[in-house]
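One structure is given below, encoded as structure tokens.
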Amino acid sequence: MTDEQLEISRKYIDYHTQKFGFHQPNVHFIKGYIENLKEANVQDETFDVVVSNCVINLCPDKKAVLREVYRVLKNGGEMYFSDMYINKTLSEELKKNKMVWGEGIGGALLWKDLFQFAEEIGFSPPRLVTSRYITFNKELEDVVGDYKLVSATYRLFKLPKDAKKEKCLAIYKGGVTGYENELAFDANFSFKEGQALEVDEELCGILGDSRFAEYFSFFPLANGSVSNKDIISDPFQFADGNNETISCKSSKTKACP
């Protein structure tokens with residue numbers, strides 16, 4: 001984050017406004033720290049969606065980041081973000097290694113810590129979207145050793161305190177732009193238009209109290225039963241069945257994708 005980066009970004013606002021046919025700009029840039037958005041004058045309950053792409057691993061106080069995101073989200077709002085996760089606690093020696101930290105590895109979370117932080121702050125349990133292993137070049141591999149890392153995407157929702165959470169049948173009515181026929185919601189649920197799916201309590205609450213509510217119909221389950229569908233939350237478990245990988249090279253300047 002530098003003033004020069006912001007200057008370049010702001011320089012091209014008018015260009016992109018015209019390029020995409022908008023009458024007014026649909027973006028503006030704010031300088032601040034994501035651990036303290038209030039200092040950057042970002043108000044409570046302002047946003048429907050917060051998106052982050054592999055930067056939280058570079059923040060020492062990740063719980064503060066999530067707490068600030070929770071504060072600025074409206075009820076029913078979502079944090080949709082990708083980041084790096086490590087399979088076991090990194091040694092203190094490696095945490096202090098500048099190259100390891102600069103690549104995002106030194107600050108990578110344990111995925112279970114994400115779930116703990118989310119619960120403590122008030123988010124619904126994170127929903128895993130996708131995950132794939134990160135591979136290293138020889139230089140990084142020699143330093144990292146037997147640690148394994150994945151790049152994983154999660155969805156976290158801020159639901160109202162009185163959100164209705166019960167197992168139910170959810171039917172996608174279509175209508176989400178670009179996903180009219182099928183909406184792949186996360187690693188566990190993909191909704192085809194008109195098809196009824198049994199969903200767990202948390203997902204029923206999310207779909208019913210978020211921007212997705214208008215696109216779904218909900219019905220009680222017969223006899224209150226639900227199939228024992230295994231919900232995958234562990235990004236390493238998901239990555240084990242996924243042949244895709246991301247290559248991470250030592251740039252010493254920014255984090256991996």
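Keep in mind that this is a model prediction, so the values were computed, not measured.
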Quiz item: If you measure from CD on E193 to NZ on K173, what distance do you get to the nearest 0.5 Å?
Solution: 11.0 Å
Self-check item: Side-chain donor or acceptor of N242 paired with backbone N/O of S131 under 3.5 Å
Solution: yes
Quiz item: Between F216 and F218, what is the ring plane arrangement, given parallel below 30°, perpendicular above 60°, and tilted in between?
Solution: parallel
Practice problem: Go through the steps for I30 and L37 under the test side-chain contact (heavy atoms from CB on, under 4.5 Å), then give the verdict. | Solution: CA-CA 10 Å; I30 299 172; L37 295 172; over 6 Å; no
Practice problem: Might you point out which heavy atoms bring S124 and I206 nearest each other, and give the distance in Å? | Solution: OG-CD1, 3.8 Å
Quiz item: Among Y80, F123, F238, Y85, whose ring pair (Phe, Tyr, Trp, His ring centres under 6.0 Å) with Y154 holds?
Solution: Y85
Quiz prompt | Close side-chain approach of F47 and V42, heavy atoms under 4.5 Å | solution = yes
Quiz item: Going from CG on N97 to CD1 on I105, what distance comes out if it is rounded to the nearest 0.5 angstrom?
Solution: 9.0 Å
Self-check item: Closest contact, heavy atoms only, T177 versus E180
Solution: CA-OE2, 3.6 Å
Exercise. Identify whether the distance between the nearest side-chain nitrogen and carboxylate oxygen of R127 and D200 falls below 4.0 Å.
Key: yes
Self-check item: Atom pair CZ (R132) and OG1 (T153), whose distance is rounded to the nearest 0.5 Å
Solution: 8.0 Å
Quiz item: How are the rings of F20 and H16 set relative to one another: parallel (under 30°), tilted (30 to 60°) or perpendicular (over 60°)?
Solution: parallel
Quiz item: Which ILVMFWY residues are connected to V27, directly or by a chain of links, through side-chain heavy atoms under 4.5 Å apart?
Solution: L6, I13, F29
Quiz prompt | Nearest heavy atoms of N188 and D186, plus distance in Å | solution = N-OD1, 2.8 Å
Practice problem: Considering only NZ, NE, NH1 and NH2 on the basic side and carboxylate oxygens on the acidic side, decide whether K138 and E141 come within less than 4.0 Å. | Solution: no
Quiz item: Shortest non-hydrogen contact from A152 to L128?
Solution: CB-CD1, 4.2 Å
Exercise. May I have all residue pairs that pass salt bridge (charged side-chain N to carboxylate O under 4.0 Å, His left out) and include part of residues 46-72, sequence neighbours excluded?
Key: D44-R71, D48-K74, K63-E120, E68-R71
Self-check item: Main-chain N/O of L140 paired with N137 side-chain donor or acceptor, under 3.5 Å
Solution: yes
Exercise. Taking all non-hydrogen atoms of both residues into account, name the closest pair between I86 and F236 and its distance.
Key: C-CZ, 3.5 Å
Practice problem: Kindly indicate, with the supporting measurements, whether the criterion side-chain contact (heavy atoms from CB on, under 4.5 Å) is fulfilled by V69 and F81. | Solution: CA-CA 11 Å; V69 171; F81 76 111; over 6 Å; no
Practice problem: Could you walk me through whether F185 and F212 pass ring-ring contact (aromatic ring centres under 6.0 Å, His included), step by step? | Solution: CA-CA 10 Å; F185 190 82; F212 295 101; 5.4 Å; yes
Quiz prompt | Euclidean distance, F157 CZ relative to L207 CG, rounded to 0.5 Å | solution = 7.5 Å
Quiz item: Could you walk me through whether L110 and T89 pass the side-chain contact (heavy atoms from CB on, under 4.5 Å) check?
Solution: CA-CA 7 Å; L110 297 169; T89 303; 3.6 Å; yes
Practice problem: Any chance you could measure L197, atom CG, to C204, atom SG, to the nearest 0.5 Å? | Solution: 12.0 Å
Quiz item: Atom CG in N87, atom CG in L149: separation rounded to 0.5 Å?
Solution: 7.0 Å
Quiz item: Please walk me through it: do Y33 and C59 pass side-chain contact (heavy atoms from CB on, under 4.5 Å)?
Solution: CA-CA 9 Å; Y33 292 95; C59 298; over 6 Å; no
Exercise. Answer yes or no on whether K192 is positioned over the face of Y172, meaning its NZ or CZ is under 6.0 Å from the six-membered ring centre and within 45° of the axis.
Key: no
Self-check item: Min side-chain heavy-atom separation P126-W111 under 4.5 Å
Solution: no
Quiz item: So, for G76 and S210, which heavy atoms are closest and what is the spacing to 0.1 Å?
Solution: O-CB, 3.4 Å
Quiz item: Does E78 come within less than 4.0 Å of R211, counting only side-chain N to carboxylate O?
Solution: yes
Practice problem: Please tell me if the side chains of L169 and L221 come closer than 4.5 Å, counting only heavy atoms from C-beta onward. | Solution: yes
Self-check item: Donor-acceptor contact present, side-chain D83 to main-chain I56, <3.5 Å
Solution: yes
Exercise. Verify the distance criterion only: is there a donor paired with an acceptor across the side chains of Q43 and N41 at less than 3.5 Å?
Key: yes
Quiz prompt | Donor-acceptor under 3.5 Å (K158 side chain, Y70 main chain) | solution = yes
